[in-house]
Amino acid sequence: MLSKKASSLCHGEDSSYFHGWQKYDSDRYDKLTNPKGIIQMGLAENQLSFDLLESWLASNPDALVMKRPNGESAFTDLALFQDYHGSADFKNKLVNFMARIRENKVNFKPDNLVLTAGSTSANEILMFCLADPGEAFLLPTPYYAGFDRDLKWRTGAEIVPIHCSSSDGFKITMCALEEAYQRAKKLNLKVKGVLVTNPSNPLGTTLTRDELNHLITFSIAKNVHIVSDEIYSGTVFDSPSFVSITEAVMDRNLEHTDLWSRIHIVYSLSKDLGLPGFRVGMIYSNNKTVVSAATKMSSFGLVSSQTQFLLANMLSDMKFTDKYMKENKERLKKRKETLVSGLKLAGINYLESNAGLFCWVDMSHLLVSNTFDAEKELWEQIIEEAKLNISPGSSFHCTEPGWFRICFANMCAETIQVALKRLKDFSQSINSKKKAGSCSRQRRFLLGKWVSMLLPYDPEPDR
Amino acid sequence: MAIEIEQPSSVELSKVAVSETHGEDSPYFAGWKAYDEDPYQESNNPSGVIQMGLAENQVSFDLLEEYSEQHSEAFTWGKGAPGFRENALFQDYHGLQSFREAMASFMEQIRGGRAKFDSDRVVLTAGATAANELLTFILADPGDALLVPTPYYPGFDRDLRWRTGVKIVPIHCDSSNNFQITPQALEAAYKEAEAMNKKVRAVLITNPSNPLGATIQRSVLEEILDFVTHKNIHLVSDEIYSGSAFSSSEFISIAEILESRKYKNSERVHIVYSLSKDLGLPGFRVGTIYSYNDKVVTTARRMSSFTLISSQTQHLLASMLSNKKFTENYIKTNRERLRKRYEMIIQGLKNAGIECLKGNAGLFCWMNLSPLLEEQTREGELALWDSMLHEVKLNISPGSSCHCSEPGWFRVCFANMSEQTLEIALKRIHDFMQQRERQRKPISSQ
């Protein structure tokens, strides 16, 4: 009775990524009412700097009650404003904000900016514009789990992963790009572009100049698009500094070539400003046809004019936004360092990172076997025993089992200490179990097969 | 032999991106452009184009403004803003519970309490534009068909077809019976789709109708429900103008019919609503799908991730719509003011010798200018539309852009301007008609 899309599982909500959330939902940690509950470390939210926003709001009540600087009410105008071009004032402030995040090394024109209800909508709109059903985009793994839904569900587009490995620090190599392209070809999929997240989710690292150059070279050679989701660009709290795809293209003097019209950036205020509920996303493109089509498509997900007005006001206070961005990054850096110290104490390795709201950690040494089944088991154990919800690498399509994404910015300082203690205790307990387990496995082996057949489980092969 | 040269830049975008199914090249939109270039303004541009092609409700803003002055807490998050961070973080696609409850209760109030709405069946979307597209994605596959009675809202061509790949097959209605939908017309449309090898998935009606400005009668709703049940297809009822019926009792919602049938076969029915017309808040992007089908509710919720309503706006409207004193007064006053406007324009048009379809809802009337056409064709209608736009300086919507099968009908909006502006528009029409009358009189009678 319903469409194929309605019946498909492409919304991705049956994946383990969401099951973890469900468990957490039924047993949430609360310092007072449920101190033994599950601590949520699977949510990439930025909760560290709300006090700064709250104090701005307290000093700028007019922006909230829709009053203009001259005291007149903007209510009626805003209530009627549904122009899909978006508020000119808001777009001016946004391109200015985006340029400052990039240290003014690039500048953006407001006419090339399309507003959408969140970057979820922006990414989907770009897919509708750039790919026909059945065509493919290459994405480096590991990648944000939501892309499976956002890029594929209603568009009918395909994702072909670019396999990145820990031996390269999960960096994108020319080899991996080419290999993915050939794999797509074998599957009879026409590749329309590459989509990268920079800074990366879940890695928490910015793309290096080499990686950006590989993407550019690849895009020229194959005549494909580059979509750069720069949603975390304002969270780069450490060196190396953020290099946007636009800057990399300009550094190679390619602004006046075909390539320029195949570069598209996605941005949002959900992570940098911590406002995911307000649904403020955007597409930036130098391609007039894409801007025109995307603008019309944004009709299906416009940003509330009430919210455009509030945030245009906030962003025009450059003194505030500069202070906010600086302070926010310092707090993120500090919080990340806290997490990293805790990981070290727990004997857990992690990928060195300089951005984002999470760390990419290596728990493969805690797996009973180098398999994704073992990773799932470990993840379940972490929820049940350590009472932590962290995200397993397989939900990000990582090719190596044992990696997890741990978020650090969605809780207060006290909670993260509780979480880190639990992690340390859990890690120690798993390690001792493993040692005990490997001893008993040796004893059973010596006893011979006929004894093991009486046991409730089959002995696992040694790693 | 032709030599094919690869045009890389033209093959790089999707078919959807370069298609014209967004429909923005139709006269419906061309009129807007003409208005944009020369907009009427009482003092600055008194001879400019008066916009009568925009179905906006501006007659009750004073009530909203009064509410906002008296209830600033709806716009903020309390002293010290403790509610701010929770609201700013809230992106749950279930939507704010308080808002869903307020919306369900508002929908009940509009229907005079004659139908019940369960807040757990309310799915929120950024506008009815998104709601209609989303439902189409859920109910139909690319290449399938929706049956839509003509004349219909021009935006449906984009909203239902563009990205979904679904076709619209018209259910032809005509003036012989006041454009009502008949079982014969339904059956004919169904057969037409079958002949084109298209699988029909749903009938989509707008009730009250845009552009007719009239509610659908109970007996017709019953027939439509019987038809979709018999064919085992869905029914989408876009009730976006439900609060704009001039009297509460004249609007009958499909929800009432379902209740009277004790919800038998209701899992095929879905209602679309929005605050853009009744409350005049199109900029806030507040739409909803109300479905009696559990799977549709679950799927629509998940899909609404692409089109969530700003939590800031949900917070404001939860406050406003749960204020029963405000909503009761608003609904009553708004209906009354729209009725008055309607009577004013009908009288004005009558004085100018123009007849309209008898209407009882909406922000527009359906005007019959077929006696003025040089030829009873689409071209004749567009020629007249062009004169209205460039000579009379009124932007009205030609029936052909609404896929009306009879030429000469026009939709004229009356709620998006002040009374003074409406007077001026009516005077221009009056003068235009008088001039045409003079031109028609044979010389010998002078």
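Convention: sequence-line order gives letters A, B, ...; per-chain numbering from 1.
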Looking at [atom1] of [X] and [atom2] of [Y], how far apart are the two atoms once the value is rounded to the nearest 0.5 Å?
X       : Y       : atom1 : atom2 : result
T116(A) : F306(B) : OG1   : CZ    : 11.5 Å
Q308(A) : Q312(B) : CD    : CD    : 11.0 Å
E135(A) : S14(B)  : CD    : OG    : 8.0 Å
D51(A)  : F84(B)  : CG    : CZ    : 10.5 Å
L80(A)  : E56(B)  : CG    : CD    : 4.5 Å
F300(A) : D159(B) : CZ    : CG    : 5.0 Å

Using non-hydrogen atoms only, which part of [X] is less than 4.5 Å away from chain B: side chain, backbone, both, or neither?
X       : answer
F309(A) : neither
L43(A)  : neither
F128(A) : both
M297(A) : both
Q306(A) : both

Could you tell me whether a side-chain N or O of [X] sits under 3.5 Å from a main-chain N or O of [Y], the two making a donor and an acceptor?
X       : Y       : value
S3(A)   : I138(B) : yes
H225(A) : L13(B)  : no
S121(A) : T307(B) : no
R201(B) : L2(A)   : yes

Would you say that more than 12 heavy atoms from the other residues, nucleotides or ligands in this model lie under 6.0 Å from the [atom1] of [X], or not?
X      : atom1 : result
K67(A) : NZ    : no
H71(B) : NE2   : yes
K91(A) : NZ    : yes

Original post:
At their closest point, which heavy atom of G301(A) faces which heavy atom of A126(B), and how far apart are they?
Top reply: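 Looking at all heavy atoms of both residues, the shortest contact is CA-CB, 4.3 Å.
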
Original post:
Between C129(A) and A17(B), which heavy-atom pair has the shortest distance, and what is it?
Top reply: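 For C129(A) and A17(B), the tightest heavy-atom pair comes out as O-CB, 3.5 Å.
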
Picking from [options], which has the most non-hydrogen pairs under 4.5 angstrom with chain A?
options                           : value
A130(B), A88(B), S19(B)           : A88(B)
K295(B), R163(B), Q91(B)          : R163(B)
M303(B), R268(B), H234(B), E69(B) : M303(B)

Any heavy-atom pair between the side chains of [Y] and [X] that's under 4.5 Å?
X       : Y       : answer
S299(A) : R158(B) : yes
P142(B) : K4(A)   : no
S305(B) : R149(A) : yes
R154(A) : L134(B) : yes
W77(B)  : E54(A)  : no
F278(A) : T313(B) : no
R85(B)  : Q47(A)  : no
P276(A) : L89(B)  : yes

**OP:** Name the member of A293(A), P133(A), A6(A) that forms the most heavy-atom pairs with chain B at distances under 4.5 Å.
**Re:**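 Top count of heavy-atom pairs under 4.5 Å with chain B: A6(A).
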
Subject >> Selection from V65(A), L275(A), T76(A) maximising heavy-atom pairs under 4.5 Å formed with chain B >> reply: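 Among V65(A), L275(A), T76(A), the one with the most close pairs to chain B is T76(A).
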
Subject >> Step-by-step side chain to side chain contact (heavy atoms under 4.5 Å, CB included) determination, V16(B) to M127(A) >> reply: CA-CA 10 Å; V16(B) 161; M127(A) 283 305 113; over 6 Å; no

Original post:
Are a donor atom and an acceptor atom from the side chains of T307(A) and S310(B) found within less than 3.5 Å of each other?
Top reply: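 Side chains of T307(A) and S310(B): pair found under 3.5 Å.
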
Contacting moiety of [X], where chain A heavy atoms sit under 4.5 Å:
X       : answer
N232(B) : both
L275(B) : neither
Q58(B)  : side chain

